[in-house]
S.K.: 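Got a structure for you, written out below as structure tokens; questions coming shortly.
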Amino acid sequence: MPELPEVETVARGLALAWEGRRFTRVEARRPDLRRPLPVDLAQRLVGARVTSVGRRAKYGFVATDRDDMLVFHLGMSGRMRIDPPEIDRHDHILFTTDDGRTVAFNDARRFGSLDLVAADALESLPGIAGLGPEPLGADFTPAVLAAAREGRVTPIKSLLLDQRVVAGLGNIYVCEALHLAGIHPERMAGTLSDAEVERLVPAIVQVLEAAIAAGGSSLRDYVQLDGELGYFQHQWRVYGREGDACRECGGAVARVVQAGRSSFYCGACQR
DNA sequence: CACGATACCTGTAAGC
DNA sequence: TGCTTACAGGTATCGT
């Protein structure tokens with residue numbers, strides 16, 4: 001589920017549920033996520049009022065009227081469930097607010113994480129320090145990507161997954177953006193022309209904005225807090241469509257494994 | 001140093 | 001039907 005558009009969707013849902021509310025109860029049911037949960041998570045959060053919810057790359061953050069800021073990452077299988085009808089074994093943390101509602105942080109694979117940091121230390125948190133520009137921000141320009149690709153002998157697919165180059169893309173949206181830009185995932189990054197870089201940057205922006213507008217992509221579970229499915233998966237151009245017809249030319253979508261991840265592409269449209 | 005491979009953990013689906 | 005295997009949205013770490 002969670003690349004930038006899915007995390008953005010979750011953050012917007014949390015903002016609606018939490019901004020202005022106070023935590024009345026926080027229950028850590030299982031502390032061993034990717035990193036151990038802070039042992040004093042509950043006592044530091046209960047009584048705090050949420051002032052804002054935001055996102056940086058694939059991290060969500062929740063600012064409060066205290067110095068503690070909640071920072072979460074959904075890993076591969078993380079989600080937030082609001083007022084779950086029943087608690088299941090993967091609901092690792094339960095947050096109850098002063099309106100009586102409960103949000104469950106659910107993560108079957110436990111690749112996700114949740115930390116409390118001082119508000120002014122967000123940028124130095126491991127994982128956030130060193131992140132590249134936000135792809136939907138003003139800092140992500142063709143000139144920046146052109147410089148990042150210079151001399152690189154790694155495939156463009158791998159370069160775009162490097163969070164130090166641009167922060168927030170994952171396997172799905174890299175495949176989608178490369179198809180939209182007409183660039184083959186196995187092209188060595190350093191061989192991209194300026195014209196290709198000029199196409200790639202707006203392709204990334206377009207794909208991400210469309211995905212956010214659709215509420216993200218759902219594979220086998222919902223992504224939105226209220227249980228609604230994101231529906232961007234119906235608009236996938238190539239991801240998960242091996243053997244199916246390319247929506248542009250009708251040719252078969254191909255799959256190749258790069259650095260252990262599946263890449264989907266059209267060999268006719270992408271060069 | 002810049003790569004790719006591997007490990008982390010669980011669920012699901014496909015193959016036999 | 002039941003068992004085994006491959007694969008899955010991410011990222012930190014470890015070799016080469």
Side-chain angles (χ1 to χ4, degrees), chain A residues 1-11 29-37 55-60 71-80 88-92 105-115 125-132 135 147-178 185-191 207-208 211-212 214-224 229-243 255-264:
Chain A
M1 167 170 62
E3 299 181 34
L4 185 153
E6 291 75 34
V7 180
E8 178 67 25
T9 300
V10 168
R29 308 177 70 241
R30 185 157 186 171
D32 52 336
L33 303 186
R34 175 184 197 86
R35 289 184 288 277
L37 288 177
R55 176 195 61 74
R56 169 81 169 103
K58 301 172 193 172
Y59 290 85
V71 183
F72 64 88
H73 193 292
L74 298 173
M76 290 276 264
S77 55
R79 39 195 148 252
M80 295 286 187
D88 78 38
R89 64 207 229 96
H90 301 305
D91 287 327
H92 304 312
F105 180 105
N106 180 289
D107 184 9
R109 293 176 74 179
R110 308 205 313 279
F111 288 169
S113 62
L114 194 142
D115 297 285
L125 188 74
I128 291 190
L131 285 174
R149 129 219 93 152
E150 200 61 41
R152 298 294 297 270
V153 289
T154 198
I156 185 62
K157 165 77 186 304
S158 301
L159 189 81
L160 294 178
L161 284 175
D162 185 339
Q163 304 296 298
R164 297 169 299 185
V165 172
V166 56
L169 296 179
N171 206 35
I172 294 175
Y173 297 107
V174 167
C175 290
E176 294 296 292
L178 286 172
E186 294 183 300
R187 280 281 301 286
M188 289 298 115
T191 71
V207 163
L208 293 177
I212 291 170
S217 299
S218 297
L219 266 100
R220 37 186 86 81
D221 274 297
Y222 51 84
V223 301
Q224 307 196 44
L229 291 171
Y231 53 89
F232 192 71
Q233 67 275 15
H234 302 303
Q235 296 178 53
W236 285 344
R237 308 168 65 90
V238 287
Y239 186 83
R241 299 187 63 242
E242 182 180 13
R255 181 176 80 99
V256 65
V257 175
Q258 298 179 273
R261 320 282 312 266
S262 288
S263 296
F264 298 88

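Below, chains carry the letters A, B, ... as their sequence lines are ordered, and counting in each starts from 1.
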S.K.: What does A/Gln163 touch in the nucleic acid at a heavy-atom separation under 4.0 angstrom: a base, only the sugar-phosphate, or nothing?
M.R.: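 Sugar-phosphate: the residue A/Gln163, judged by heavy atoms under 4.0 Å, touches backbone atoms but no base.
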S.K.: Tell me the stems DNA chain C sits in, counting at least three consecutive Watson-Crick or G-U wobble pairs, each under 3.5 Å on both distances.
M.R.: B:2-8 with C:10-16, B:10-16 with C:2-8
S.K.: Grab the CG-C1' distance between A/Asp32 and B/dT10 for me, whole Å please.
M.R.: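 Going from CG in A/Asp32 over to C1' in B/dT10 covers 13 Å.
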S.K.: Whether A/Asp91 and A/Arg29 form a salt bridge (side-chain N of Lys/Arg under 4.0 Å from carboxylate O of Asp/Glu) is what I want to check.
M.R.: no
S.K.: So does A/Arg152 reach the base of B/dA2 with its side chain, donor to acceptor, closer than 3.5 Å?
M.R.: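 Donor-acceptor pair under 3.5 Å: no.
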S.K.: If only side-chain N and O atoms of A/His73 are considered, is one of them under 4.0 Å from the OP1 or OP2 phosphate oxygen of C/dT11?
M.R.: yes
S.K.: Quick one: pull up CD in A/Gln163 and CG in A/Leu4 and give me the separation to the nearest 0.5 Å.
M.R.: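 Separation between the atoms: 9.0 Å.
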S.K.: Checking A/Arg34 against A/Leu114 for the side-chain contact (heavy atoms from CB on, under 4.5 Å) test, could you report, in this order, the C-alpha distance in whole Å, the side-chain angles of both residues, the deciding distance, and whether it holds?
M.R.: CA-CA 9 Å; A/Arg34 175 184 197 86; A/Leu114 194 142; over 6 Å; no
S.K.: Expressed as a whole number of angstroms, how long is the span from A/Asp115:CG to C/dT11:P?
M.R.: 14 Å
S.K.: When all nucleic acid strands are considered with a 4.0 Å heavy-atom cut-off, which category describes A/Gly127: base, sugar-phosphate, or nothing?
M.R.: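 Answer is sugar-phosphate: A/Gly127 comes under 4.0 Å of backbone atoms only.
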S.K.: I'd like to know if the side chain of A/Ser77 and the backbone of A/Arg109 have a donor-acceptor N/O pair within less than 3.5 Å.
M.R.: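 Such a contact is found between A/Ser77 side chain and A/Arg109 backbone.
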S.K.: Mark this stacking check for A/Phe111 against B/dC9 as yes or no, applying ring centres under 5.5 Å and ring planes under 30°.
M.R.: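 No, A/Phe111 does not stack on the base of B/dC9.
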S.K.: May I ask you to verify if any side-chain N or O of A/Arg261 is less than 4.0 angstrom from the OP1 or OP2 atom of C/dC7?
M.R.: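 Indeed not, no polar side-chain atom of A/Arg261 lies that close.
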S.K.: Using the P atom in both, what is the distance from B/dC1 to C/dT11, to the nearest Å?
M.R.: 23 Å
S.K.: Does A/Thr154 place a side-chain N or O at less than 4.0 Å from the phosphate oxygens OP1/OP2 of B/dG4?
M.R.: yes
S.K.: Would you kindly give the CZ-to-P distance between A/Phe72 and C/dT11, to the nearest whole Å?
M.R.: 14 Å
S.K.: Taking only side-chain nitrogens and oxygens of A/Ser262, does any of them come within less than 4.0 Å of OP1 or OP2 of C/dC7?
M.R.: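 The answer is no; no side-chain N or O of A/Ser262 sits under 4.0 Å from OP1 or OP2.
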S.K.: Whole angstrom is fine here: how far is it from CD in A/Glu150 over to C1' in B/dC1?
M.R.: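 Those two atoms, CD and C1', are 18 Å apart.
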S.K.: Does a side-chain N or O from A/Arg110 land closer than 4.0 Å to OP1 or OP2 of B/dT10, or not?
M.R.: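 Yes.
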S.K.: Please pick, from C/dA8, C/dG10, B/dG4, the nucleotide with the shortest atom-to-atom distance to any side-chain atom of A/Glu3.
M.R.: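 Nearest to the side-chain atoms of A/Glu3, counting from C-beta on, is C/dG10.
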S.K.: Keeping A/Gln235 on the side-chain end and A/Ala211 on the backbone end, is there a donor-acceptor pair under 3.5 Å?
M.R.: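 Looks like no, no N/O pair under 3.5 Å.
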S.K.: Expressed as a whole number of angstroms, how long is the span from A/Leu160:CG to C/dG10:C1'?
M.R.: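 Result: 16 Å.
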S.K.: Can you measure A/Glu186 atom CD to B/dC3 atom P for me and round it to whole angstrom units?
M.R.: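 Atom CD in A/Glu186 sits about 16 Å away from atom P in B/dC3.
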S.K.: Say whether, by atom type as modelled, one donor and one acceptor occur between the side chain of A/Glu176 and the main chain of A/Val238 under 3.5 angstrom.
M.R.: yes
S.K.: Given B/dT10, C/dA8, C/dT11, which nucleotide is nearest the side-chain atoms of A/Met76?
M.R.: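 Within the option list, the nearest is C/dA8.
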S.K.: Quantified in whole Å, what is the P atom distance between nucleotide B/dC9 and nucleotide C/dC3?
M.R.: 25 Å
S.K.: Atom CZ of A/Arg34 to atom P of C/dT13: distance rounded to whole Å?
M.R.: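 Checked: the CZ to P distance equals 8 Å.
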S.K.: A/Arg255 has a side chain; which of C/dC7, B/dG11, C/dT11 sits nearest to it?
M.R.: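 Nearest listed nucleotide: C/dC7.
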S.K.: So which one's nearest nucleotide on DNA chain B is more toward 5', A/Gly260 or A/Arg164?
M.R.: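 The residue whose closest nucleotide sits nearer the 5' end is A/Arg164.
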S.K.: Just to be sure I understand the rule, does A/Arg35 reach a base, reach only the sugar-phosphate, or reach nothing, if contact means heavy atoms closer than 4.0 Å?
M.R.: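 Counting heavy atoms under 4.0 Å across all strands, no contact is made by A/Arg35.
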S.K.: For B/dG11 and A/His90 - does any side-chain N or O of the residue sit under 4.0 Å from the phosphate oxygens OP1/OP2?
M.R.: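 Answer is yes, contact under 4.0 Å.
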S.K.: Treating A/Gln258 as the side-chain partner and A/Pro155 as the backbone partner, does any N or O pair qualify as donor plus acceptor under 3.5 Å?
M.R.: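 Not at all, since once roles are kept as given, no pair shorter than 3.5 Å links the two residues.
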S.K.: Atom CD of A/Gln258 to atom P of B/dT6: distance rounded to whole Å?
M.R.: 17 Å
S.K.: For A/Ile156 and A/Met188, run side-chain contact (heavy atoms from CB on, under 4.5 Å): C-alpha distance rounded to whole Å, both residues' side-chain angles, the deciding distance at 0.1 Å, then the answer.
M.R.: CA-CA 6 Å; A/Ile156 185 62; A/Met188 289 298 115; over 6 Å; no
S.K.: With a 3.5 Å distance limit and no angle check, can you tell me whether A/Arg55 reaches the backbone of A/Ala57 through a side-chain donor-acceptor pair?
M.R.: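 Checked: pair present.
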S.K.: Measuring from the side chain of A/Val153 (C-beta onward, heavy atoms only), which nucleotide among C/dA8, B/dC3, B/dG4 has the closest atom?
M.R.: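 Nucleotide nearest to A/Val153's side chain: B/dC3.
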S.K.: Using a heavy-atom cut-off of under 4.0 Å over every strand shown, decide if A/Pro155 touches base, sugar-phosphate, or nothing.
M.R.: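 Answer is sugar-phosphate: A/Pro155 comes under 4.0 Å of backbone atoms only.
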